[in-house]
Amino acid sequence: MTAVDLRAAREALSANAPLVHCLTNTVVQTITANALLAAGAAPAMVDAPQEAGDFAAVASAVLVNVGTVHERTAEAMRLAARSAGAAGTPWVLDPVAVGGLAYRTDLAAELAGLRPTVVRGNASEVMALAGAGAGGRGVDSTAGADDAAGAAADLAARTGGVVAVSGEVDLVTDGRRVVRVHGGHVLLTRTTGAGCALGALVAAYLAVTDDPLTGTVAAHAHVALAAERAAALASGPGTFAAAWLDALDAVDGAALAGAQVRETG
Amino acid sequence: MTAVDLRAAREALSANAPLVHCLTNTVVQTITANALLAAGAAPAMVDAPQEAGDFAAVASAVLVNVGTVHERTAEAMRLAARSAGAAGTPWVLDPVAVGGLAYRTDLAAELAGLRPTVVRGNASEVMALAGAGAGGRGVDSTAGADDAAGAAADLAARTGGVVAVSGEVDLVTDGRRVVRVHGGHVLLTRTTGAGCALGALVAAYLAVTDDPLTGTVAAHAHVALAAERAAALASGPGTFAAAWLDALDAVDGAALAGAQVRETG
Amino acid sequence: MTAVDLRAAREALSANAPLVHCLTNTVVQTITANALLAAGAAPAMVDAPQEAGDFAAVASAVLVNVGTVHERTAEAMRLAARSAGAAGTPWVLDPVAVGGLAYRTDLAAELAGLRPTVVRGNASEVMALAGAGAGGRGVDSTAGADDAAGAAADLAARTGGVVAVSGEVDLVTDGRRVVRVHGGHVLLTRTTGAGCALGALVAAYLAVTDDPLTGTVAAHAHVALAAERAAALASGPGTFAAAWLDALDAVDGAALAGAQVRETG
């Protein structure tokens, strides 16, 4: 992936304003919608079983995040994922807190079986999801992204898609290529929903790029650059959140072309 | 409507702190509550079927917004709308994204049949709701408020209430009079929930004005003026949202009397 | 309680980053999570019946807030409260708007019977909850914290725990000792969820202090000090919310030791 690819991805996002259908947890719906709007996409949060399948078929991309899932929203997620798959619409699975809780771990394993275009999580979640099919294995919530490199490759092979692991350095792989995104800022971890909003931005970029690896890396680089800009302006985690949204808007193609992205795999 | 009416409406809102019962979508509950608090009203989000009917009967005004509606909240909305009607309490219907999705379109048509005091939406939503009873018709999500002028008049005739169409210029009508509210700022469309919060502010103003047309216009003018002030201070969509809440608080009766409101119908 | 206790409590919170399991209303989930993160705790919003009991058993503390409760979340609250009780995990009950609405009033009375470590509410809510077992009594929503001093003592005797009443001056009692926390700022009442976030911070402090009275007072003093700092920087209720989160982060043990806390009982 080159600087030209990242610039083109950012410009395509602004030019196309993709409609991103989000089935996500209630804690982060607001910042997710605002992050999409700031970046130039159009969010729609539709998570009733009566509507989720139909809407996924007409959206540009779909996000499924299991953060506060329960029976009704789980059913909506299944319908949306199947509908996206049938329509050839790219979709992202975010397995929030998968590993420790049986209900959502089973659901995430089921959804992963529907072959999401991208799985995005932290190291613990990716390791848990990769291991879930084999009976589960220990999860270390303090693991770095590189600790999950093997699990990410395994999971990518199983889904046929891309897997992204967030951490101090983010790791993105399609099972063959491995790209690391440097930068970002620790204040991202002090703002609820920054990681979940990243999942939605991945979906937005998938809608406007041909290569899912490129789109996924572009979203991670966009979030990291915006965090660096925001941290320079913020007085703490509260002012950081607003400044980060401002910066998601301000980071353009030329800026994204300068992101710290390294391909090594 | 005169500058005196707008000033009186704003001062009545501050003096009476009306209790606004909101049944609204989970994406915008926070900014809706904060916008009401900033303007001087008292929000209460009560959307369980066990409570919604009783609460609507004691509230000063009710907002019904179908943005993330599902079976349980749909039932609560029916109960609240009927209870408000029976008690003579003003209520607002916001038909978010009605038109494309059958489930919410049917629900909104049913709720419109309960004669909301005000319907507030964008042009697409108002056209879809006006046409729903006649079998539906095409919806253009890029339509301006004036494109929906006929649909708004039809819908107002059917509900016996006021219909407000948000756009670059807002259009408010009771079927006889037509008022346009100018001003505002494009950043309102880059902040999730600004339109939904406007619906709640309409409800707040209905509680403190005798004439629903005046109350509806006052709410639109209040939001537009606050947006202009906020845009002058903001560095992007994140800082705009906070500045807009500050400005909702700061816009007083004298300021509202200077809003760009023109009656033409 | 001494300045040394407050300083130690604040430093223990930062050092231990307790995992706070929140079952809370959808209006305030975001600011609650952000307030916990700002103060140094780790939030997790888990409110599905399939998960709430298991998660409460492994969390450091639990918050149960009935603000937008309905059947599914009520069941999750029962499971979480029982699980916390069985595990000896401290938990907080926030009886939002209890008194006027029968459904949540009955639920809160049932939950209070499970002996929460702390009940936190405003004067009206505490009076209603204290009176609920005796058939209910009048509630005055404009009551000050001291008006609820007797009800708080009664309720503390019944639960065997601490009861905190928020107001211009906060009152905290375990039925024997009475502590008042002065300071704070009126803008806390203009920001949705500040009181609810306080309940979550009480839970966080309970996880890191041996004495529930000390932990509860520390949380109230932390919120009050942060509000004073934020009000000095804010231009209105919107910028206040962000500045308050910044200040929750910035208030350290030395600052908390200077809080206006007076024991009188």
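Given the structure is predicted, the values throughout are model-derived calculations rather than measurements. Just the heavy atoms: all of them, side chains too, but no hydrogens, waters or symmetry mates, feed the values below. Each chain gets a letter, A, B and so on, in the order its sequence line appears, and its residues count up from 1.
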| query | Counting heavy-atom pairs under 4.5 Å to chain B, which of C:Leu101, C:Thr191, C:Val69 comes out on top? | reply | C:Leu101
I want to check something: taking the side chain as every heavy atom from C-beta on, are [X] and [Y] in contact at a cut-off of under 4.5 Å?
| X | Y | value |
| --- | --- | --- |
| B:Val62 | B:Val92 | no |
| C:Val126 | C:Asn122 | no |
| B:Thr24 | B:Leu63 | yes |
| C:Asn65 | C:Cys22 | no |
| B:Arg120 | B:His220 | yes |
| C:Pro116 | C:Leu111 | no |
| C:Tyr205 | C:Val118 | no |

| Using non-hydrogen atoms only, which part of C:Arg72 is less than 4.5 Å away from chain B: side chain, backbone, both, or neither? | side chain
| query | With a 4.5 angstrom heavy-atom cut-off, which part of C:Thr73 approaches chain B: side chain, backbone, both or neither? | reply | neither
| request: Please indicate whether C:Glu110 has more than 12 foreign heavy atoms, meaning atoms of other residues, nucleotides or ligands, lying under 6.0 Å from its CD. | output: yes
| Which residues in residues 25-46 of chain C have a heavy atom less than 4.5 Å from any heavy atom of chain B? | C:Thr26, C:Val27
| field | Pairs of heavy atoms under 4.5 Å with chain C: top-ranked of B:Leu248, B:Val58, B:Asp54, B:Asp249 | value | B:Asp249
| Sorted by number, residues from residues 223-243 of chain B in contact with chain C (heavy atoms, under 4.5 Å) | B:Ala242
| task | Mark yes or no for whether B:Asn16, through its side chain, and B:Leu13, through its backbone, hold a donor-acceptor pair below 3.5 Å. | result | no
| query | Does B:Glu125 use its side chain to pair, donor to acceptor, with the backbone of B:Ala97 at less than 3.5 Å? | reply | yes
| request: Kindly compute the distance separating OG1 (B:Thr105) from OH (B:Tyr103), expressed to the nearest 0.5 Å. | output: 11.5 Å
